[in-house]
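Note that the coordinates shown come from a computational prediction; the quantities given were computed from them, not determined experimentally. When a ligand or atom number is given, it counts from 1 through the structure's own listing order.
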Amino acid sequence: MCGIVAYIGTEKALPILIKGLRRLEYRGYDSAGVAILNKGSLERTRAVGRIDALASALAEKDMAGTMGIAHTRWATHGGVAEENAHPHVDCSGDIAIVHNGIIENYRELKQQLSAGHTFKSQTDTEVLAHLIEANYQGNLREAVQKALQNVRGTYGLVVMHKKEPDRIIAARLGSPLVVGVGEGEYYVASDASPMLAYTQQVIFLDDGELAEITRDDLKIVNLKDEKIIKQTEHIDWNEAEAEKQGFPHFMLKEIFDQPTVIKDAMRGRLIAPDGTAHLGGLSMTSEQMASVKRIILIACGTASYACLAGKYAFERLAGIPTEVAVASEFRYSDPIIDRQTLVFGVSQSGETADTIAALREAKRKGAYVRGIVNVVGSTIARETDGGTYIHAGPELAVASTKAYTNMVTVLLMYALQFGRSRRLTVATGERLVKALLEIPEKMQLVLKQSDVIKQLAEKYKAYSDFLYLGRGINFPVALEGSHKLKEISYIHSEAYPAGEMKHGVNALLSPEFPVVAILTSNALYDKMRSNIEEIRARRAPLIIVATEGDAAARELSDDVVSVPPTMELLEPLINTIPLQLFAYHVATILGRDVDRPRNLAKSVTVE
Ligand code: M6R
């Protein structure tokens with residue numbers, strides 16, 4: 001939620017900041033702003049709307065300054081208005097700040113400051129600008145340190161002061177910040193993507209750390225000014241991977257990335273001759289693995305649907321009872337956890353506030369806690385005691401696609417690894433490894449049907465409600481398909497296990513309520529088929545995702561999308577793709593902002 005970029009160096013700051021904001025727009029996009037130290041004055045421009053609106057507002061301005069801060073906002077405190085856009089300034093206009101997070105005691109602080117300070121926005125962030133002003137005695141670092149000692153809540157922030165033209169101060173507590181290390185220049189951002197064009201050398205700030213950054217030096221301390229030594233790390237992602245590469249939207253590019261990036265998730269992790277997988281990041285001895293009696297998969301949104309598919313794999317392959325917990329519920333549920341519980345936090349961004357809090361709770365209660373994340377160096381990656389990167393590459397569309405399939409893949413590999421250390425035979429393991437290795441080619445076969453699916457989208461675009469149905473391993477697929485449709489097309493949709501229909505939902509069926517049913521050749525095929533017959537009898541329009549060559553599915557439905565067969569546990573990797581494409585095409589036909597749907601943000605870093 002909210003994206004921060006800052007630059008200090010010898011180049012003009014403005015183009016770097018604007019380009020960086022475009023990279024971070026997925027984090028929030030209701031307003032944006034920059035502050036640049038330009039010819040001795042601190043110049044601030046803000047605009048409501050996307051980065052384009054800010055760029056237009058700046059078009060005529062002559063900005064040669066080489067130090068600046070910028071922000072793209074997702075409103076939490078205070079409505080969407082220019083006065084609430086960042087950067088915020090103090091009374092003098094000399095101090096400018098950009099902030100991501102929530103200052104929980106901002107009302108108290110505002111009250112305390114009200115005597116000598118004038119507030120111009122409804123935001124919690126502006127209070128920080130005034131608090132720093134109140135503590136400023138000629139040294140910005142000290143003022144920020146003192147101010148932050150009075151703050152309750154979360155922040156990733158960058159501050160600059162007109163009277164200190166050679167430094168910026170960045171600080172983190174609960175909201176990510178990365179420092180990019182160049183030659184005679186530094187970058188700061190909410191993630192590494194804005195700096196990839198200039199450097200792949202980065203330092204991840206941890207909670208409680210504050211960086212004082214000049215053009216030639218970087219000093220990291222805590223709020224008590226104790227020095228902290230940090231390692232510079234190399235990021236493998238490059239700028240080209242974060243481009244659209246000829247696709248009209250990031251989402252479509254990312255859907256089409258899947259056959260490639262799933263290979264990255266599997267590379268070096270499958271051991272075909274032994275019919276197993278080895279994920280070194282698990283960091284557990286065989287005794288510790290054997291002691292695990294229960295697994296909890298914690299996640300939000302799409303990641304939680306990937307976990308539901310993972311649950312089937314852990315239970316079937318390894319015989320370990322597995323639960324999926326939605327992080328926002330888990331964290332306040334006083335969960336029963338012991339040392340024989342293994343908890344995985346699954347997250348594309350690795351920055352989802354609820355997932356982080358849930359994992360901390362699990363850790364406090366003594367569980368083994370591991371991460372399955374995409375963004376390298378993210379909070380979950382660093383706070384867990386081990387885990388695995390899913391290697392999906394940068395995912396910039398708000399709607400998650402390739403991260404989902406790579407999460408399922410990594411969960412399957414973990415289940416295989418646990419299974420083979422327990423009851424699973426080498427023969428079954430070998431079959432699974434072989435089937436996994438065939439997935440990229442099968443994904444390609446589904447992607448080739450994008451135009452056919454587009455025609456279906458054209459046919460069904462005007463309906464206002466959809467129902468997605470699946471059974472067993474395809475119930476999570478239905479949930480994910482429905483989630484994709486609603487988040488990018490704004491069409492209401494629901495997902496149910498097909499066997500539940502008789503218990504209430506059948507009442508909704510009508511010719512106005514299309515049903516998307518997943519009927520692939522697996523153990524529940526006949527059961528699912530009976531459910532579909534019942535829907536047919538109630539004249540709801542039917543789209544079926546069926547295994548290629550299934551003549552019965554054609555007879556039963558109005559429209560069929562064929563998918564290649566695979567092992568049942570792997571079906572989410574294939575069957576989800578037509579649903580991603582369907583949602584994408586419906587949304588584009590309806591003229592929606594597919595990559596940045598309304599009211600959403602890519603990374604939900606506030607509770
Ligand atoms: O970064 P995370 O995987 O932790 O994000 C979790 C959800 O916010 C995310 O999956 C969300 O549901 C997406 N918009 C789904 O497309």
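- Using cut-offs of 30° and 60° for the angle between ring planes, the F466 and Y463 rings count as perpendicular.
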Identify each donor-acceptor pair in which a side-chain atom of residues 445-454 lies under 3.5 Å from a protein atom, sequence neighbours left out, and give them as a table.
| unit_1 | atom_1 | unit_2 | atom_2 | d |
| --- | --- | --- | --- | --- |
| Q449 | NE2 | S562 | O | 2.7 |
| S450 | OG | H585 | NE2 | 2.9 |

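- No side-chain heavy atom of V202 sits less than 4.5 Å from a side-chain heavy atom of Y187.
- Here the side chains of T409 and I390 are not in contact, with every heavy-atom distance at 4.5 Å or above.
- Between E395 and V261, every side-chain heavy-atom pair lies at or beyond the 4.5 Å cut-off.
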Under 3.5 Å: N or O atoms of ligand 1 paired with protein N or O:
| unit_1 | atom_1 | unit_2 | atom_2 | d |
| --- | --- | --- | --- | --- |
| ligand 1 | 1 (O) | S347 | OG | 3.4 |
| ligand 1 | 1 (O) | S349 | N | 2.8 |
| ligand 1 | 1 (O) | S349 | OG | 2.6 |
| ligand 1 | 1 (O) | T352 | OG1 | 3.4 |
| ligand 1 | 3 (O) | Q348 | N | 2.6 |
| ligand 1 | 4 (O) | S347 | OG | 2.6 |
| ligand 1 | 4 (O) | T352 | OG1 | 2.4 |
| ligand 1 | 10 (O) | T302 | N | 3.1 |
| ligand 1 | 12 (O) | T302 | N | 3.3 |
| ligand 1 | 12 (O) | H483 | NE2 | 3.1 |
| ligand 1 | 14 (N) | V398 | O | 3.1 |
| ligand 1 | 14 (N) | E487 | OE1 | 2.8 |
| ligand 1 | 16 (O) | T302 | OG1 | 3.4 |
| ligand 1 | 16 (O) | S400 | N | 2.7 |
| ligand 1 | 16 (O) | K484 | NZ | 3.0 |
| ligand 1 | 16 (O) | E487 | OE1 | 3.3 |
| ligand 1 | 16 (O) | E487 | OE2 | 2.4 |

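- Between F344 and F314, the two ring planes are parallel [angle under 30°; tilted spans 30° to 60°].
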